[in-house]
Trainee: 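The structure that follows is given in the form of structure tokens.
Throughout, protein chains are lettered first and strands after them, A, B, ... in sequence-line order, and every chain is numbered starting at 1. Please read these numbers as outputs of a predicted model, since none were measured by experiment.
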2 protein chains.
Amino acid sequence: MKKDKQGCDGKTCLLCRLSLKEWAPAVTLHRRNFILQKGETLFKEGDPVEGIYFIHEGLMKVHKHWGPEKELIVRFAQKGDIVGHRGIGGLEQFYPVSATALAPVKVCFIEMDFFQASLKINHALLYELMLFYAQELQSSEKQMRNLAHMSVKGRMANALLLLQQKFGFNKDGFIDIALSKQDLASYIGTTYETTFRILNELIADRLVAVSGKNYTILNEAMLLRLTDIQ
Amino acid sequence: MKKDKQGCDGKTCLLCRLSLKEWAPAVTLHRRNFILQKGETLFKEGDPVEGIYFIHEGLMKVHKHWGPEKELIVRFAQKGDIVGHRGIGGLEQFYPVSATALAPVKVCFIEMDFFQASLKINHALLYELMLFYAQELQSSEKQMRNLAHMSVKGRMANALLLLQQKFGFNKDGFIDIALSKQDLASYIGTTYETTFRILNELIADRLVAVSGKNYTILNEAMLLRLTDIQ
DNA sequence: CGCTCGCTTGATAGTCATCAACCCGCGTGG
DNA sequence: CCACGCGGGTTGATGACTATCAAGCGAGCG
């Protein structure tokens, strides 16, 4: 994790956008900018909470571990997204998740004390954060139900649709996120091998196409049907 | 759903506790108090959002459906808890979950417009709500991981421990919540029959005891070990 | 040339959902 | 009073799904 000399553009992240004018110099003081390489971790599950991060560039996964080998990717975070907000409010001061870069990342870091102080003062910021939590909670609970009741194939269909919605397309028409099969598996909540097999079925049925770490949806309607009740 | 003449005690619910003094008369105007019988539903998944509810008394389940027969209980709500807050912030104005009374319930209802207006004005209220969301999100994501990676036995052990923590004990030493096996199954995210079998295993191993709809933990340490990584 | 590593495939076993049967107590009607 | 049927609780049998293990394959590299 290196320092980023260039720093924040003042437009991307929530804190900068919603920062009070008179508060801005203080923000500048308390902010630290970092660059992460692919694979580097911003914080790990169980680490003591130090602050909150705003992503300016790149892609991260937010994941929970289960033993040394297994994990569940809870969410992907890209430009403009918040990471580390799960550290707020819990009685324990430990991150309940890890955050790892999937592509080179630029983040700005705000000490938790200062951020909390901002929240106390900046009503608009607090309101936005509350809304953000509300949305996160909705998608999290939807995902819970899917994990409980949906088959792997359904969850994979769902995952691909969500990824397309969140990341859109790159110039080749693929979903604009490069994702290893292992990470896809962790996002779906299954194993590498199962992911592989089910993905092959979807390819055989001409519902999706895959090229390396890139995915594209060929038949959205059929994929959507896979996410229906059996 | 009948009207409740008695109404709110002004101490239990978040809104009353944190209400600004000058705002209190307005709260009284916009509040409606209701009584629900066991089995009655406060709102259903997909209903248009009308407002937010605070529970004064009783017990509710908050659940997501999957087809006509299956559901996942996302959370239990009791005295002092909020229900319907998932309606905030989503772009759609529909409840993403249902809320059903498991025991006779007294709630107070606040129109969403008025509640949102309160949030805009009442900073302490907004902050508490944000913290509440943050905690909900943490437990929700933990539950996600458990659903993805933990066995039914582990999830059942976890569920019983959580219930004990949340509801404490009644005078007979049982966990102070009466829960049908079907509801327990829906909370764990499995079927009725499986719940039954696994529960019997736990009973045979002298880890828990069951009497009708009541449960008690006999060997907390062993139960805790079941929630560990395999 | 041989090695390793990641990708791919096959075989197997464990977990769990599903369906069906059974038991038993209770209410009901003969 | 008894036979009957009904429904909820319980158990058994089966099969689907999926994790796991292990082996094969091929490309890149020392």
Trainee: Can you find a side chain N or O atom of A/T191 that sits less than 4.0 Å from OP1 or OP2 on D/dA19?
Mentor: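 So the side-chain polar atoms of A/T191 do come within 4.0 Å of the phosphate oxygens OP1 or OP2 of D/dA19, strictly under.
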Trainee: From the list D/dT18, C/dC7, C/dG10, which nucleotide is the closest neighbour of the side chain of A/S151?
Mentor: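 Nearest to the side chain of A/S151 among the choices is D/dT18.
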Trainee: Are any of B/Y192's side-chain N or O atoms less than 4.0 Å away from OP1 or OP2 of D/dG9?
Mentor: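 Result: yes.
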Trainee: Is any side-chain N of the basic residue among A/K153 and A/E201 closer than 4.0 Å to the acidic one's carboxylate O?
Mentor: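 Answer for the salt bridge query: yes.
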Trainee: Parallel, tilted or perpendicular: which fits the ring planes of A/F167 and A/F76, with parallel below 30° and perpendicular above 60°?
Mentor: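 The rings of A/F167 and A/F76 stand perpendicular, inter-plane angle above 60°.
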Trainee: In terms of the angle between their ring planes, are A/Y53 and A/Y95 parallel, tilted or perpendicular, with boundaries placed at 30° and 60°?
Mentor: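 Tilted, since the angle between the ring planes falls between 30° and 60°.
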Trainee: Take the protein atom CG of B/D183 and the nucleotide atom C1' of D/dG9, then report the distance between them rounded to whole Å.
Mentor: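 For the pair B/D183 CG and D/dG9 C1', the rounded distance is 16 Å.
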Trainee: In whole angstrom, what separates A/M150's CE from D/dC17's C1'?
Mentor: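 Taking CE of A/M150 and C1' of D/dC17, I get 16 Å after rounding.
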Trainee: Roughly how many Å is it from CE in A/M156 to C1' in D/dT18, rounded to a whole number?
Mentor: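 Roughly 13 Å, once rounded to whole Å.
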Trainee: Measuring to OP1 and OP2 of C/dA17, would you say a side-chain N or O of B/T194 lies under 4.0 angstrom away?
Mentor: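 Answer yes for this pair, as a side-chain N or O of B/T194 is under 4.0 Å from OP1 or OP2.
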Trainee: Rounded to whole Å, how long is the line connecting atom CD of B/Q182 with atom P of D/dG7?
Mentor: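 From B/Q182 CD to D/dG7 P: 17 Å.
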Trainee: Under 4.0 Å, heavy atoms only, any strand: does B/K70 hit a base, just the sugar-phosphate, or nothing?
Mentor: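 Answer is sugar-phosphate: B/K70 comes under 4.0 Å of backbone atoms only.
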Trainee: Would you mind reading off the distance between A/H149 atom NE2 and C/dC16 atom C1', rounded to a whole angstrom?
Mentor: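 Whole-Å distance recorded here is 13 Å.
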Trainee: Do A/E193 side-chain and D/dC21 base share a donor-acceptor contact under 3.5 Å?
Mentor: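 Yes.
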Trainee: How close or far is atom P of D/dC25 from atom CZ of A/F196, stated in whole angstroms?
Mentor: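 Result: 15 Å.
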Trainee: Would the base of D/dT20 count as contacting A/R197 through its side chain, where contact means a donor and an acceptor less than 3.5 Å apart?
Mentor: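 When only heavy-atom distances are counted, A/R197 does reach the base of D/dT20 through a donor-acceptor pair under 3.5 Å.
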Trainee: Ignoring the backbone of B/N200, work out which of C/dC16, D/dT11, D/dT18 is nearest its side chain.
Mentor: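 Comparing C/dC16, D/dT11, D/dT18 against the side chain of B/N200, the answer is D/dT11.
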Trainee: Return the value, rounded to whole Å, for the distance between atom CH2 of A/W66 and atom P of D/dT20.
Mentor: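 So the CH2-P distance, A/W66 to D/dT20, works out to 12 Å.
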Trainee: Just to confirm, is there a sub-4.0 Å distance from OP1 or OP2 of D/dT10 to any side-chain nitrogen or oxygen of B/K181?
Mentor: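 It does, given that an N or O in the side chain of B/K181 lies less than 4.0 Å from OP1 or OP2 of D/dT10.
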Trainee: Using the side chain to side chain contact (heavy atoms under 4.5 Å, CB included) rule, pick out the option among B/L161, B/L163, B/L162 that qualifies with B/Q165.
Mentor: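 So the option named by the test is B/L162.
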Trainee: With rounding to the nearest 0.5 angstrom, report the CD1 to CD1 distance, A/I55 to A/I82.
Mentor: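 Rounded to the nearest 0.5 Å, the CD1-CD1 separation comes out at 10.0 Å.
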Trainee: Using atom CD1 of B/I229 as one end and atom C1' of D/dT20 as the other, report the distance to the nearest whole Å.
Mentor: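 After rounding, the reported distance stands at 18 Å.
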